[in-house]
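Computation of the quantities below employed the complete heavy-atom set of this structure, encompassing side-chain atoms and omitting hydrogens, waters and symmetry-equivalent molecules.
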Amino acid sequence: MTTPAPGDEERDDEGGLHVGARKQVAAGIPGVLWSMRHAQEQLGPVRSAKTLLKLNQPDGFDCPGCAWPDPGHTSHFEFCENGAKAIAEEATVRRIDAGFFARHTVDDLASRTDHWLGQQGRLTEPMHRPAGAQHYRPISWDDAFGVVADALAASGDPDRAVFYTSGRTSNEAAFLYQLLVRKVGTNNLPDCSNMCHESSGVALSQTIGIGKGSVTLDDVHEAELLLIVGQNPGTNHPRMLSALEEAKRRGAVIVAVNPLPEAGLIRFKNPQKARGIVGRGTALADEYLQVKLGADLALFELLNRRLVELDDERGGGVLDRAFLDERCDGVDELFAHLRSLDVDALLAATGLAADEVERVAQLLADRSRIIICWAMGITQHRQAVPTIREMVNTLLLRGAIGRAGAGVCPVRGHSNVQGDRTMGIYEKPAPAFLDALAAEFGFEPPRDHGYDTVDAIRAMARGDVDVFVGMGGNFLAATPDTEATRAALARTKLTVQVSTKLNRSHVQGGEAALILPCLGRTEIDRTGGAVQRVTVEDSMSMVHASAGRLEPASPHLRSEVAIVCGLARRILGAGDDVPWAELAADYGRIRDRIEAVVPGFTAASTIPAGSCCPTRPATSACSPRTPGRPG
């Protein structure tokens, strides 16, 4: 059952909400105190030190909070309040067992808040809710795998199953998961990328030929000008503030583009430095453009037109003509488009003053090492793809890509959302990837495109899906229309959730439901009788190893890899050619198979725990191709 606080049967931390004055500074002593509060409440002092001091360290484990890359590890305190909160909730001493589910019906649990559900503690054993039942009941792992295998067999059509993936899933588990799904016979592999940076992948593929960023953490430090667009680092990726502070120390100018002023971009008080403790901290944004909602495309069209005009006014030297001639297509068409724009209409659309836009245009014209960063303030609106294309145009016009301190920087959210896509978690896989998969494993994978997240919800709503499997995450709460998703999931015969904690997807699922509890990043993985490590790919395409340090929350937990391999052996049968048991017993063998399928992962199986992969994935290389006309 849930470990109670004195006088409480179960945790209920709701209440006391209020609206206060807008903050003008981020982090500092308050950030430290809140981080320690999260840790102390759920871990205690000894367990807090054991986890937080190993967080994002070379010999420790990767933070599940976000995908911001790790620096050179000069500090033992390489974590933020978000990371401390994520680790506290995963490494908590609170537990949920069969007694908890005996006390609570699913209707009762569905009436609780998402916060309440998440605060009840770690799931400790497999649980099954049969069709028509109000309570989850314990089930053995073998029987749980049998429930999934029987449901898939009863369905009779692989395309009537959907296999979702969260961005916290490791590279090893994700690779085996997509292999299992394609051996089952479908490409129905929606993932959280569909809901966050899908537009980045599309726009970058159209402009620079690859759907990933082109910069490293060192590039951020070396940049002369950084544009932070539609992003709130202080809330979503707080460790990014340290990188921006270092760039400022080296002379960079920072421009923030956001309808709301964000405290972290106004002033950052680094708690690891004296000026962050007793001083005023570091003022980050030199310019703050409070653009109207959805008007980022208009802003960058204005900036790009102005760059063309400034090149004319100065007699050249603003546009990188050599780079454009050698590396880009459609340049004349772009110039013609920009010159045809109604400047007054665009300026009115942005809601900005002309002098604000002019100051940023001059900065772009005068500085050559330019990085544009963005997050979901850009990616989640109707004009996301053309907006990102136009931001790339800005860099290409200046030749600010493929050089030190310059390039595109889409800042991902979940810690391995980019790695999962690299591993093949994608409903529209490239033929080359499927060819490599077929050659390595000796089978013909399905070639038809599968469901993305939205199509999966629509298919479930039509009654076209019998089985839904979620590898981590909280599909119901993460999708855009919660009520529509709830109704769609309810039409499936079985929903399966691989999870560490309770969430809404467990309590509002299909006719029948399974909860398969897995190890967290903080925990020692002894699958196969040996201590294993996993890898993840950060927001800048670097691969890191991660090894937990805590004893598992329960002896009944299994790793994601072990769960996938257990499902595969039961679903595909003993005659399947893939050596699932051997792969589960030695994650290095999984990485060997990844190397054979995914270009650029050479030697990934030999890196020591906690290290970076010595070679960056080949898919992260940038080759600018065309500025791309806004559409």
Side-chain angles (χ1 to χ4, degrees), residues 66-71 167 171 192-193 196-231 233 236-237 239-240 243-244 247 252 254 257 296 300 327 369-380 384-385 387-396 398-423 426 536-544 598-601 612-613 615-628:
C66 78
W68 188 252
D70 300 335
N171 286 331
C192 57
S193 288
C196 57
H197 271 280
E198 192 78 69
S199 51
S200 294
V202 171
L204 292 175
S205 294
Q206 292 173 349
T207 51
I208 64 172
I210 187 65
K212 297 187 181 186
S214 67
V215 301
T216 67
L217 191 55
D218 288 340
D219 289 321
V220 174
H221 295 159
E222 296 173 17
E224 294 177 312
L225 175 63
L226 290 124
L227 277 67
I228 314 299
V229 189
Q231 182 188 358
N236 298 319
H237 332 86
R239 290 192 299 138
M240 182 180 180
L244 296 179
I254 295 176
V257 180
D296 305 272
F300 278 91
R327 298 284 185 172
R369 298 197 302 274
I370 305 166
I371 291 176
I372 300 180
C373 304
W374 69 92
M376 288 187 285
I378 291 296
T379 65
Q380 290 190 320
V385 171
T387 300
I388 296 166
R389 289 203 304 253
E390 199 62 35
M391 291 193 295
V392 176
N393 286 345
T394 303
L395 296 171
L396 297 181
R398 295 288 292 117
I401 196 165
R403 64 170 63 164
V408 293
C409 182
V411 183
R412 315 283 176 165
H414 282 87
S415 63
N416 200 39
V417 62
Q418 186 158 293
D420 288 350
R421 186 57 64 89
T422 303
M423 293 297 104
Y426 190 35
V536 296
E537 182 182 348
D538 66 32
S539 193
M540 294 179 179
S541 304
M542 304 305 293
V543 178
H544 301 266
V598 180
F601 273 79
C612 272
C613 178
T615 55
R616 191 164 166 163
T619 50
S620 67
C622 171
S623 177
R625 197 171 55 196
T626 172

Could you pull out the closest heavy-atom pair between Gly167 and Asp420, with the gap in Å? CA-OD2, 3.6 Å
Do Glu222 and Arg403 meet the salt-bridge criterion of a basic N to acidic O distance under 4.0 Å? no
Non-hydrogen atoms of Ala243 and Leu217 that approach each other most closely: CB-CD1, 3.8 Å
Quick one: CD1 on Ile401 to OG1 on Thr394, what's the gap to the nearest 0.5 Å? 11.0 Å
Specify the closest pair of heavy atoms between Pro410 and Gly213, including all atoms of both residues, with the distance to one decimal. CD-CA, 3.5 Å
Do the side chain of His197 and the main chain of Ala375 share a donor and acceptor less than 3.5 angstrom apart? no
Calculate, to the nearest 0.5 Å, the distance between atoms CE and CG belonging to Met391 and Leu227 respectively. 9.0 Å
Within-4.5 Å side-chain heavy-atom neighbours: Tyr426 and Ser193: no
Are the side chains of Thr207 and Val408 in touch, meaning some heavy atoms are under 4.5 Å apart? no
Checking the side chain of Ser214 only, and the main-chain atoms of Gly402 only, is there a donor and an acceptor separated by less than 3.5 Å? no
With heavy-atom distances below 4.5 Å as the criterion, would you say the side chains of Asn171 and Thr422 are in contact? no
dist Leu226:CG -> Met240:CE (nearest 0.5 Å) comes out at 7.0 Å
Please tell me if the side chains of Ile388 and Ser199 come closer than 4.5 Å, counting only heavy atoms from C-beta onward. yes
Looking only at non-hydrogen atoms, find the nearest pair between Leu395 and Gly407 and report the distance. CD1-O, 3.4 Å
For Pro233 and Ile228, the nearest pair of non-hydrogen atoms, with its separation, is CG-CG2, 4.2 Å
Flag the pair Phe300 / Ile372 as yes when at least one side-chain heavy-atom distance between them is below 4.5 Å, and no otherwise. yes
How far does CZ of Arg421 sit from CD of Glu537, to the nearest 0.5 angstrom? 11.5 Å
Would you give the length of the straight line joining atom OG of Ser200 to atom CE of Met376, rounded to the nearest 0.5 angstrom? 10.0 Å
CD1 of Ile371 to CG of Asp219: how many Å apart, nearest 0.5 Å? 5.5 Å
